[in-house]
Amino acid sequence: MDKYSLTVPNEFILMELTDCHELQAPLFGLFLIICMISVAGNLGIIILTKTDSRLQTPMHFFLRHLAITNLGYSTAVGPKMLVNFVVDENKISYYFCVTQLAFFIMFITSELFILSAMSYDRYVAICNPLLYTVIMSQRTCWVLVVILYIYSTFVSLLVPIKIFNLSFCGNNVITHFYCDTLALLSLVCSNTYEMELIIFILAAFNFISSLLIVFVSYLLVLVAILRMNSAEGRHKAFSTCGSHLIVVVLFYGTLIFMYMQPKSSRSSDTDKVASIFYTVVIPMLNPLIYSLRNKNVKYVLHRTLRQLCSVFSQSSLYHIIHINHIMDFKLFSVCLRR
């Protein structure tokens, strides 16, 4: 640190998703639609699982917090990415970069452990159905969620504080479309060994521990399903895990592809595509997957939509009747004048 004067850049410049200017407008439209669907879908899941009595189960409790984390890290990255399509220079202020990085780390870390908590919930539901309500009580669910949020907040404060206390060089161009830890470390002049070690330990712990819980839970679930005598029971057990398994494969598969491929085969374009998939596309897909495959969520969603349509149709009918009454009254007044 002594060799370098501590420089604090006022702003950073983010890389564009594509250098082809003809693709800027179509990509802006595409990602705007994806972000709108993502926000509407996740907000819908949060509201439905909070208000409807049929969805007050541990599984839907964790589903609500999964939607919160999806909404969190997609809105941390998505809006700024959309703005960058319509401005000439993709600038991001120093403090906004710190904030974006902190929120992104917090919600991504939270999602890892919420997915593992959901796996454990499925294990208890299938392997210990008689004790399910006792083991997965409301208190237990809240304790799990509070612990993972506290830990995620700790990680999200530690990493940005450590990074932004390092000495930056004159170059302020981040080779990514958002403030990413590795891209920021490439701009640092001072020794980054300690910071890289911290990031590696935290990332390895978060990924391996959460994935291990998922793997062990579903291994025990598979053993329990294979021991069932009833084909209907096996089908029902598989159907309760289907949505979560799809989400797990998409999320962990993308992270494995992005961070565990050899450096020789990595490219900035590949990293951008993978990053877009798990920061923008997956938060849009998750509510769609649970809405289409979860019977309770599908039923409540259809019922809510029917109620909304009924309310709007009644309102429209009332409006038409009201207009007709006004027109009849005016016609009657004209006739009296004659």
Side-chain angles (χ1 to χ4, degrees), residues 8-19 27 31 35 69-70 72-85 89-112 152-153 155-169 171-190 192-207 251-263 265-283:
V8 181
N10 294 323
E11 60 187 14
F12 295 98
I13 297 173
L14 298 170
M15 294 290 287
E16 295 181 346
L17 281 176
T18 176
D19 296 328
L27 285 177
F31 288 123
C35 288
T69 59
N70 285 163
Y73 69 78
S74 62
T75 51
V77 174
K80 182 59 182 171
M81 181 187 70
L82 290 173
V83 169
N84 289 345
F85 279 113
E89 199 167 22
N90 306 333
K91 294 179 180 179
I92 183 169
S93 70
Y94 175 86
Y95 292 105
F96 190 82
C97 187
V98 175
T99 306
Q100 186 186 60
L101 179 62
F103 276 104
F104 180 75
I105 291 172
M106 182 177 72
F107 287 116
I108 282 288
T109 306
S110 299
E111 176 146 347
L112 285 169
S152 301
T153 304
V155 174
S156 70
L157 292 175
L158 174 66
V159 174
I161 288 172
K162 294 287 287 182
I163 288 177
F164 285 95
N165 274 330
L166 296 172
S167 175
F168 285 89
C169 303
N171 182 20
N172 66 339
V173 179
I174 298 174
T175 56
H176 220 311
F177 63 91
Y178 66 94
C179 291
D180 181 59
T181 51
L182 298 180
L184 283 166
L185 283 179
S186 66
L187 305 180
V188 172
C189 292
S190 51
T192 60
Y193 175 76
E194 181 187 352
M195 192 62 241
E196 288 176 356
L197 184 63
I198 291 171
I199 291 172
F200 176 77
I201 291 170
L202 289 173
F205 171 77
N206 295 340
F207 185 82
F251 188 72
Y252 281 93
T254 306
L255 292 180
I256 289 170
F257 172 79
M258 184 170 178
Y259 292 107
M260 294 193 176
Q261 57 178 317
K263 284 188 176 181
S265 61
R266 292 185 68 170
S267 68
S268 60
D269 290 338
T270 305
D271 286 347
K272 284 179 185 177
V273 172
S275 297
I276 289 168
F277 192 76
Y278 83 82
T279 58
V280 180
V281 178
I282 286 180

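Any value given below was found using the heavy atoms of this structure, including those in side chains, with hydrogens, waters and symmetry copies removed. Residue indices begin at 1 and follow the sequence shown.
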Can you tell me if Glu196 has over 12 outside heavy atoms packed within less than 6.0 Å of its CD? yes

Should we say atom NZ of Lys80 is surrounded by more than 12 heavy atoms from elsewhere, each under 6.0 Å from it? yes

State, to 0.1 Å, how close [X] and [Y] come at their nearest heavy-atom pair, and which atoms those are.
| X | Y | value |
| --- | --- | --- |
| Gly78 | Cys35 | CA-SG, 4.3 Å |
| Asn70 | Glu111 | ND2-OE1, 2.6 Å |
| Leu14 | Cys179 | CD2-N, 4.2 Å |
| Ala102 | Ser156 | O-CB, 3.1 Å |
| Tyr278 | Pro283 | O-CD, 3.8 Å |
| Val173 | Asn171 | N-OD1, 3.1 Å |

Would you compute the distance between atom [atom1] of [X] and atom [atom2] of [Y] and round it to the nearest 0.5 angstrom?
| X | Y | atom1 | atom2 | result |
| --- | --- | --- | --- | --- |
| Leu157 | Lys162 | CG | NZ | 13.5 Å |
| Phe107 | Thr69 | CZ | OG1 | 8.0 Å |
| Met195 | Leu184 | CE | CG | 10.5 Å |
| Ile282 | Ile276 | CD1 | CD1 | 12.5 Å |
| Phe103 | Met106 | CZ | CE | 5.5 Å |

Would you please indicate if the ring centroids of Phe168 and Phe12 are separated by under 6.0 Å? yes

Is there side-chain contact between [X] and [Y], with at least one heavy-atom pair below 4.5 Å?
| X | Y | value |
| --- | --- | --- |
| Glu16 | Asn84 | no |
| Leu101 | Ile163 | yes |
| Ile199 | Leu185 | yes |
| Leu112 | Phe251 | yes |
| Leu187 | Ile174 | yes |
| Phe164 | Cys97 | yes |
| Phe257 | Phe277 | no |
| Thr279 | Phe177 | yes |

Can you see whether Glu11 engages Asn172 through a side-chain donor-acceptor pair at a distance of less than 3.5 angstrom? no

Less than 3.5 Å apart, any donor N or O on the side chain of Ser167 or Ser190 sitting next to an acceptor on the other? no

Test applied, side-chain contact (heavy atoms from CB on, under 4.5 Å); reference residue, Asn206; option that passes from Ile201, Thr109, Ile105: Thr109

